[in-house]
Amino acid sequence: AQKIHKITGYSLLTAAGTCAYVEFIKDEFISYIHDYQIESNDKQLSLAGQAQLLRELIRIISMSVDINSVFILAGYDFIDKEFRIFEFDDLGGKYSVNQKQKVAAVGSGGEIATAIIKSNLDARKIVGLKLATSIAVEAIRQSAHQDPASEPPILNKPTIFRIERKNIKLILDSREK
(Lines give C-alpha, C1' and ligand atoms only; values in the text may rest on other atoms or scores of the structure.)
Protein backbone atom coordinates (compact mmCIF):
# COMPACT_ATOMS: atom_id res chain seq x y z
CA ALA A 1 0.00 0.00 0.00
CA GLN A 2 1.21 3.47 -0.81
CA LYS A 3 2.06 5.41 2.35
CA ILE A 4 2.94 8.81 0.91
CA HIS A 5 0.38 10.67 -1.17
CA LYS A 6 1.01 13.63 -3.46
CA ILE A 7 -1.76 16.10 -2.65
CA THR A 8 -0.77 19.03 -4.88
CA GLY A 9 2.31 19.97 -6.87
CA TYR A 10 3.89 21.21 -3.64
CA SER A 11 2.48 19.05 -0.82
CA LEU A 12 2.56 15.46 0.45
CA LEU A 13 0.48 13.61 3.02
CA THR A 14 1.42 10.53 5.02
CA ALA A 15 -0.21 8.82 7.96
CA ALA A 16 -0.07 5.91 10.35
CA GLY A 17 -3.02 4.21 11.91
CA THR A 18 -6.23 2.54 10.85
CA CYS A 19 -5.91 2.09 7.08
CA ALA A 20 -9.58 2.56 6.26
CA TYR A 21 -9.73 5.92 8.05
CA VAL A 22 -6.40 7.05 6.59
CA GLU A 23 -7.63 6.30 3.07
CA PHE A 24 -11.03 7.91 3.69
CA ILE A 25 -9.53 11.11 5.11
CA LYS A 26 -6.91 11.27 2.33
CA ASP A 27 -9.59 10.87 -0.36
CA GLU A 28 -11.86 13.48 1.25
CA PHE A 29 -8.92 15.87 1.66
CA ILE A 30 -7.95 15.58 -2.00
CA SER A 31 -11.58 16.01 -3.03
CA TYR A 32 -11.97 19.20 -0.96
CA ILE A 33 -8.75 20.67 -2.40
CA HIS A 34 -9.87 19.80 -5.93
CA ASP A 35 -13.28 21.41 -5.32
CA TYR A 36 -11.56 24.53 -3.93
CA GLN A 37 -9.45 24.83 -7.08
CA ILE A 38 -12.49 24.48 -9.32
CA GLU A 39 -14.55 27.02 -7.35
CA SER A 40 -11.69 29.53 -7.19
CA ASN A 41 -10.74 29.37 -10.90
CA ASP A 42 -7.61 27.22 -10.35
CA LYS A 43 -6.32 29.23 -7.40
CA GLN A 44 -3.93 27.13 -5.31
CA LEU A 45 -4.65 26.56 -1.62
CA SER A 46 -1.57 27.50 0.44
CA LEU A 47 0.09 24.86 2.59
CA ALA A 48 -1.17 26.61 5.73
CA GLY A 49 -4.67 26.57 4.20
CA GLN A 50 -4.32 22.86 3.46
CA ALA A 51 -3.19 22.28 7.07
CA GLN A 52 -6.26 24.09 8.38
CA LEU A 53 -8.55 22.11 6.06
CA LEU A 54 -6.97 18.78 7.10
CA ARG A 55 -7.23 19.73 10.77
CA GLU A 56 -10.95 20.46 10.43
CA LEU A 57 -11.57 17.29 8.43
CA ILE A 58 -9.84 15.11 11.05
CA ARG A 59 -11.62 16.95 13.86
CA ILE A 60 -15.07 16.50 12.31
CA ILE A 61 -14.57 12.82 11.47
CA SER A 62 -13.08 12.05 14.90
CA MET A 63 -16.26 13.37 16.53
CA SER A 64 -18.18 10.35 15.24
CA VAL A 65 -15.51 7.60 15.11
CA ASP A 66 -12.21 6.84 16.82
CA ILE A 67 -9.86 7.14 13.83
CA ASN A 68 -6.69 6.01 15.64
CA SER A 69 -4.59 7.70 12.95
CA VAL A 70 -1.96 10.43 12.92
CA PHE A 71 -0.99 12.47 9.88
CA ILE A 72 1.87 14.54 8.47
CA LEU A 73 1.37 17.20 5.81
CA ALA A 74 4.61 18.52 4.32
CA GLY A 75 5.41 20.87 1.49
CA TYR A 76 6.45 24.27 0.28
CA ASP A 77 4.35 27.17 1.54
CA PHE A 78 4.37 29.66 -1.35
CA ILE A 79 2.81 32.37 0.84
CA ASP A 80 5.46 32.26 3.59
CA LYS A 81 8.17 31.17 1.10
CA GLU A 82 9.38 28.28 3.27
CA PHE A 83 9.21 24.53 3.60
CA ARG A 84 6.88 23.42 6.39
CA ILE A 85 5.81 20.24 8.13
CA PHE A 86 2.55 19.88 10.05
CA GLU A 87 1.71 16.95 12.31
CA PHE A 88 -1.85 16.10 13.32
CA ASP A 89 -3.03 13.90 16.16
CA ASP A 90 -6.11 11.69 15.91
CA LEU A 91 -8.39 14.44 17.25
CA GLY A 92 -7.28 17.05 14.73
CA GLY A 93 -4.69 18.78 16.92
CA LYS A 94 -2.23 20.55 14.59
CA TYR A 95 1.43 21.03 15.43
CA SER A 96 3.94 22.84 13.24
CA VAL A 97 7.30 21.06 13.34
CA ASN A 98 10.38 23.02 14.43
CA GLN A 99 11.47 24.60 11.15
CA LYS A 100 15.20 24.30 11.90
CA GLN A 101 15.01 20.51 12.17
CA LYS A 102 12.45 19.83 9.42
CA VAL A 103 12.09 16.21 10.55
CA ALA A 104 8.89 14.33 11.34
CA ALA A 105 7.81 10.69 11.30
CA VAL A 106 4.61 8.88 12.22
CA GLY A 107 3.86 5.33 13.20
CA SER A 108 5.12 2.97 15.84
CA GLY A 109 8.73 3.40 14.66
CA GLY A 110 8.43 7.16 14.14
CA GLU A 111 10.27 8.23 17.28
CA ILE A 112 13.18 5.90 16.53
CA ALA A 113 13.40 7.07 12.90
CA THR A 114 13.27 10.75 13.93
CA ALA A 115 16.04 10.25 16.48
CA ILE A 116 18.26 8.50 13.92
CA ILE A 117 17.75 11.25 11.34
CA LYS A 118 18.35 14.05 13.86
CA SER A 119 21.53 12.41 15.18
CA ASN A 120 22.89 12.12 11.64
CA LEU A 121 21.93 15.68 10.68
CA ASP A 122 23.10 17.40 13.90
CA ALA A 123 26.73 16.81 12.98
CA ARG A 124 26.37 18.32 9.50
CA LYS A 125 25.55 21.83 8.29
CA ILE A 126 24.71 20.87 4.70
CA VAL A 127 23.52 17.49 3.45
CA GLY A 128 23.34 16.53 -0.21
CA LEU A 129 20.44 14.59 -1.72
CA LYS A 130 22.34 11.30 -1.89
CA LEU A 131 23.38 11.43 1.78
CA ALA A 132 19.93 12.62 2.90
CA THR A 133 18.31 9.71 1.05
CA SER A 134 20.78 7.27 2.59
CA ILE A 135 20.09 8.63 6.10
CA ALA A 136 16.31 8.35 5.56
CA VAL A 137 16.53 4.76 4.30
CA GLU A 138 18.80 3.79 7.22
CA ALA A 139 16.37 5.39 9.70
CA ILE A 140 13.50 3.37 8.21
CA ARG A 141 15.52 0.15 8.35
CA GLN A 142 16.75 0.64 11.91
CA SER A 143 13.36 1.69 13.27
CA ALA A 144 11.71 -1.33 11.62
CA HIS A 145 14.26 -3.68 13.18
CA GLN A 146 13.82 -2.15 16.64
CA ASP A 147 10.04 -1.95 16.55
CA PRO A 148 8.10 -5.20 16.03
CA ALA A 149 4.98 -3.31 14.89
CA SER A 150 6.77 -1.66 11.93
CA GLU A 151 6.71 -3.24 8.49
CA PRO A 152 10.21 -4.44 7.52
CA PRO A 153 11.62 -2.44 4.59
CA ILE A 154 12.64 -5.76 3.02
CA LEU A 155 8.97 -6.50 2.32
CA ASN A 156 8.14 -3.01 1.12
CA LYS A 157 10.98 -0.81 -0.11
CA PRO A 158 10.82 2.76 1.28
CA THR A 159 9.27 5.55 -0.80
CA ILE A 160 11.16 8.84 -0.55
CA PHE A 161 10.22 12.18 -2.08
CA ARG A 162 12.09 15.47 -2.32
CA ILE A 163 9.95 18.57 -1.93
CA GLU A 164 11.18 21.54 -3.97
CA ARG A 165 9.77 25.03 -4.39
CA LYS A 166 8.07 24.32 -7.69
CA ASN A 167 7.50 20.56 -7.59
CA ILE A 168 7.89 17.24 -5.82
CA LYS A 169 10.35 14.63 -7.06
CA LEU A 170 10.17 10.92 -6.37
CA ILE A 171 13.60 9.66 -5.22
CA LEU A 172 12.84 6.02 -4.26
CA ASP A 173 9.61 4.23 -5.12
CA SER A 174 8.37 1.32 -3.01
CA ARG A 175 6.08 0.26 -5.85
CA GLU A 176 9.00 -0.53 -8.19
CA LYS A 177 9.74 -4.24 -8.42
Side-chain angles (χ1 to χ4, degrees), residues 1-7 10-26 29 47 50-51 54-55 57-59 61-62 66-77 82-164 168-177:
Q2 186 177 352
K3 294 196 174 198
I4 302 174
H5 308 279
K6 189 174 178 181
I7 301 301
Y10 55 90
S11 64
L12 297 169
L13 178 71
T14 190
T18 307
C19 292
Y21 294 127
V22 168
E23 285 298 310
F24 177 74
I25 289 171
K26 182 237 345 157
F29 183 53
L47 191 65
Q50 289 180 36
L54 182 59
R55 177 187 174 275
L57 188 58
I58 294 168
R59 190 182 63 74
I61 293 169
S62 69
D66 187 5
I67 65 171
N68 290 319
S69 304
V70 291
F71 295 82
I72 294 176
L73 176 68
Y76 182 71
D77 194 323
E82 66 180 344
F83 296 95
R84 298 187 67 188
I85 302 171
F86 295 96
E87 292 181 289
F88 303 85
D89 64 24
D90 59 350
L91 297 176
K94 178 178 78 171
Y95 312 94
S96 186
V97 173
N98 180 330
Q99 295 308 302
K100 292 185 184 202
Q101 294 180 4
K102 294 193 187 309
V103 174
V106 292
S108 55
E111 286 183 29
I112 296 166
T114 299
I116 292 166
I117 292 169
K118 284 181 182 178
S119 69
N120 278 284
L121 295 179
D122 285 345
R124 299 171 174 89
K125 295 261 186 231
I126 299 174
V127 177
L129 179 59
K130 190 173 182 177
L131 179 58
T133 302
S134 176
I135 291 169
V137 169
E138 187 59 25
I140 293 167
R141 283 194 179 115
Q142 284 189 34
S143 66
H145 289 301
Q146 294 178 35
D147 176 35
S150 291
E151 179 180 301
I154 295 165
L155 299 176
N156 193 8
K157 190 171 85 173
T159 301
I160 299 175
F161 287 88
R162 176 183 174 155
I163 300 171
E164 298 177 343
I168 293 171
K169 291 187 179 177
L170 180 62
I171 306 300
L172 284 177
D173 189 352
S174 65
R175 296 163 292 173
E176 291 177 357
K177 300 291 177 205

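Keep in mind that this is a model prediction, so the values were computed, not measured. Position 1 is the first residue of the sequence; numbering continues from there.
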Decide yes or no for [X] and [Y]: does some side-chain heavy atom of the first lie under 4.5 Å from some side-chain heavy atom of the second?
{"X": "F24", "Y": "I67", "result": "no"}
{"X": "D90", "Y": "Y21", "result": "no"}
{"X": "L47", "Y": "Q50", "result": "yes"}
{"X": "L54", "Y": "I25", "result": "yes"}

Can you list the residues that meet the side chain to side chain donor-acceptor pair (under 3.5 Å) rule with E111, with sequence neighbours excluded?
none
If every non-hydrogen atom of [X] is compared with every non-hydrogen atom of [Y], which pair is closest and at what distance?
{"X": "I85", "Y": "A104", "value": "CG2-CB, 3.7 Å"}
{"X": "L91", "Y": "I58", "value": "C-CG2, 4.1 Å"}
{"X": "A113", "Y": "S143", "value": "N-CB, 3.8 Å"}
{"X": "F83", "Y": "I163", "value": "CE2-O, 3.3 Å"}
{"X": "I116", "Y": "N120", "value": "O-ND2, 2.8 Å"}

If you round to the nearest 0.5 Å, how far is [atom2] of [Y] from [atom1] of [X]?
{"X": "C19", "Y": "K3", "atom1": "SG", "atom2": "NZ", "value": "7.5 Å"}
{"X": "R141", "Y": "E138", "atom1": "CZ", "atom2": "CD", "value": "6.5 Å"}
{"X": "I7", "Y": "L73", "atom1": "CD1", "atom2": "CG", "value": "7.5 Å"}
{"X": "F161", "Y": "K6", "atom1": "CZ", "atom2": "NZ", "value": "7.5 Å"}

Applying salt bridge (Lys or Arg N to Asp or Glu O under 4.0 Å) to K169 and not counting sequence neighbours gives E164
Output yes when a side-chain donor or acceptor of T14 lies under 3.5 Å from a complementary backbone atom of I72, and no otherwise.
no
Mark yes or no for whether S134, through its side chain, and K130, through its backbone, hold a donor-acceptor pair below 3.5 Å.
no
Restricting to pairs with a member in residues 66-77, which pass side-chain hydrogen bond (donor to acceptor under 3.5 Å, both in side chains), not counting sequence neighbours?
none
Can you name the one residue among F71, F86, F88 that meets side chain to side chain contact (heavy atoms under 4.5 Å, CB included) with R55?
F88
Please determine which of L12, I160, L170, L13 meets the side chain to side chain contact (heavy atoms under 4.5 Å, CB included) test together with I4.
L12
